[in-house]
Amino acid sequence: MPLRVHDTRRREKVEFSTLSPGRVSMYVCGVTVYDRCHLGHARCYIAFDLVHRWLEASGYDVEYVQNFTDIDDKIIIRSIESGEDWREIVERNIQLYYEDMDVLNILRADHYPRCTQYVDSMIHIIEDLIQKGHAYVGKDGVYFHVDSAPEKYGQLTGQSIDAVRKGAGGRVDETGSGKKDHKDFALWKQAKPGEPTWDSPWGQGRPGWHIECSAMSLDHFGTSFDIHGGGHDLRFPHHEAEIFQSECHTGHAPLAGYWLHNGFVNIDGEKMSKSLGNFWTISDIVQNVDPLVLRLALVNAHYRSPIDMNEQLLNDAQRNHARILQTYESALRMATSGRRHQLPQPDMESSDSLAKTLGLLERLAEGFAQAMDDDFNSREAVAKVLAGVKQLQTLLSLGTDDEDKRAVAHYAKEWLEETAGAILGILPSPDVLLAEPEDDPRKAEIAEEVEALLAERSIARANKDWTRADAIREQLNALGVVVTDTEDGPVWDLV
RNA sequence: GCACGGAUAGCAAAGCUUGGCCAUGCCGGGGAUUGCAAAUCCUCUUACCUGGGUUCAAAUCCCAGUCCGUGCUCCA
């Protein structure tokens, strides 16, 4: 079953093949590090984390490059507003970026180049573009001349050059920029007083936004690579600008075999923006929501669809996550000791319930793989996991003796680790999951009090004094503790 | 205006490329279990924007229309 991916340039799902057998080169546009990451960043980098994980699981050796834009108008504005050196702003936000991504269980890319490290390469590309007649020096910088390569226009957005041409003339003069044409974009910006600058053949200045990605992808991968990713909003102008720059510079096309763009996140039906006051940073959200629950909520939609984030969505994710974890935890507890034991051959047609359940699980695992192969359809993959969890619950209750039970527990553990764990990335580590109450400082603080109340409640229950027992449970609820009665006695957890 | 995408049950959201079976979860109804809960399990109801067409068969393909989002300026 071949992997198929949706390519923005061709506007359809196409079979995936790589430039070099068994290897995937992937470049994803990173963040401009002027502030903390928000929900939209989480969605984007989780989407490409899934791509990363699935390609690796499919046997590819993936080289993943994601840049940091560490010089830009926004960073300069921040610096002027706060008086803080721009380098400190950059350094701090890069560290915070790693923290946010780690907490969301996003695997690291192989390289995180920063654009300020590539200024020389950018200057080299710009010089070449000028020489080839694709760029010109204006009064306030260097611009790419889009009309020099009209056949490359609209490759990702389908916009025609004629349509955009209309009304362009007047606006060029209005902006006061040195552009000859409205469509042209800046490659190099002449320095304004007080801004960070670099030397160049065109005097002191700094690079335009788009040129950095051309320089960095060229440096890591050469003239072309397999996957170029980023947010939906980057298709135009950023990615189209990259196509102009790189392809005109190297003379090779296409720049990228597949262009992948993730959908946006809306909040309660509205676009997330600071002016609407619905701007959620990752660190804000994980104050209240388990980061893996957030990850599930985001993975529980196809990466190209827009997501409307709201309370309901997080509640659903919370519930489903708890269900998956509960099954995983029981499997872990039952599988911790003992050796592997032979399980029956999976067979959906079997009259033996163990063999039949194993057969169903095999089919669900295949369905999971098919879903991921179909343009990384994580939504469908989540559905398979949830259906699998139901079967795993059944499985864990089967088994005639302890050996059997341990064997099915091992199977259940591995089934979940290979799907929900390794690919979806929504399972916590066993250490965290199996932590005893005393391992959690918040629990340790109240453990003694809770245990005393539980002991008292057990006595009341033994005496069938239900009023007293329920009153104690109310008391525990007030402490933020949830009590669950099981076969082995009551267990408790924080809300 | 131009471009791109979307419309599926009370809600969220897969499926559409390759027409025929089934999503999945929440909510609601019924049941099992429980002292009562929680969790879990079983079970039921409610769909494919509108109008045409093709076909033995259409959520899926074709034509026309309606409505909605996003981009065209910095953005994941």
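Lettering of chains follows the sequences in order, A, B, ..., and the numbering in each one begins at 1.
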Touch class at under 4.0 angstrom, heavy-atom based, for V482(A) against every strand present: nothing

Sugar-phosphate, base or nothing in reach of H261(A), heavy atoms under 4.0 Å: nothing

Under 3.5 Å donor-acceptor pair, N315(A) side-chain atoms to C11(B) base atoms: no

Touch class at under 4.0 angstrom, heavy-atom based, for R9(A) against every strand present: nothing

Test log, rule side chain to side chain donor-acceptor pair (under 3.5 Å), inputs Y27(A) and E242(A): CA-CA 12 Å; Y27(A) 185 94; E242(A) 259 185 87; 5.8 Å; no

Who pairs with A32(B) - Watson-Crick or G-U, where each distance is under 3.5 Å: U40(B)

Touch class at under 4.0 angstrom, heavy-atom based, for F264(A) against every strand present: base

Touch class at under 4.0 angstrom, heavy-atom based, for G231(A) against every strand present: sugar-phosphate

Any N377(A) side-chain N or O less than 4.0 Å from OP1/OP2 of G15(B): yes

Below 4.0 Å: OP1/OP2 of C26(B) and any side-chain N or O of R323(A): yes

Partner nucleotide, any strand, of C2(B) [Watson-Crick/G-U, under 3.5 Å]: G71(B)

Touch class at under 4.0 angstrom, heavy-atom based, for D73(A) against every strand present: nothing

Any R319(A) side-chain nitrogen or oxygen under 4.0 Å from OP1 or OP2 of A39(B): yes

Distance-only donor-acceptor test (3.5 Å): side chain R11(A), base C4(B): no

K390(A) side chain near U40(B) phosphate (N/O to OP1/OP2, under 4.0 Å): no

Distance in angstrom units between I307(A) CD1 and U70(B) C1', rounded: 15 Å

Parallel, tilted or perpendicular: rings of F185(A) and F144(A) (30°, 60°): parallel

Ring pair (Phe, Tyr, Trp, His ring centres under 6.0 Å) assessment of H239(A) paired with F236(A): CA-CA 6 Å; H239(A) 288 163; F236(A) 187 92; over 10 Å; no

Nearest to side-chain heavy atoms of Q326(A), which nucleotide of U17(B), G71(B), A39(B): A39(B)

Interatomic distance where CZ belongs to R235(A) and P belongs to A76(B) [whole Å]: 15 Å

Nearest-Å distance for atom pair CD/P, residues Q159(A) and U70(B): 16 Å

Sugar-phosphate, base or nothing in reach of R304(A), heavy atoms under 4.0 Å: nothing

H41(A) and Y45(A) aromatic ring geometry - parallel, tilted or perpendicular at 30°/60° bounds: parallel

Out of U40(B), A76(B), A37(B), whichever nucleotide has its closest atom nearest the side chain of V31(A): A76(B)

Atom-pair distance (CD on E380(A); C1' on G25(B)), nearest Å: 13 Å

Flag, side chain of R235(A) to backbone of H232(A), donor-acceptor distance under 3.5 Å: yes

Parallel, tilted or perpendicular, as decided by the 30° and 60° cut-offs, for the rings of Y112(A) and F68(A): parallel

Sugar-phosphate, base or nothing in reach of K74(A), heavy atoms under 4.0 Å: base

Base paired to A14(B) (Watson-Crick or G-U; both N/O distances under 3.5 angstrom): none

Nearest to side-chain heavy atoms of D316(A), which nucleotide of G35(B), A76(B), G25(B): G25(B)

Opposite nucleotide pairing with C56(B), Watson-Crick or G-U, both atom distances under 3.5 Å: G20(B)

Any H182(A) side-chain nitrogen or oxygen under 4.0 Å from OP1 or OP2 of U73(B): yes

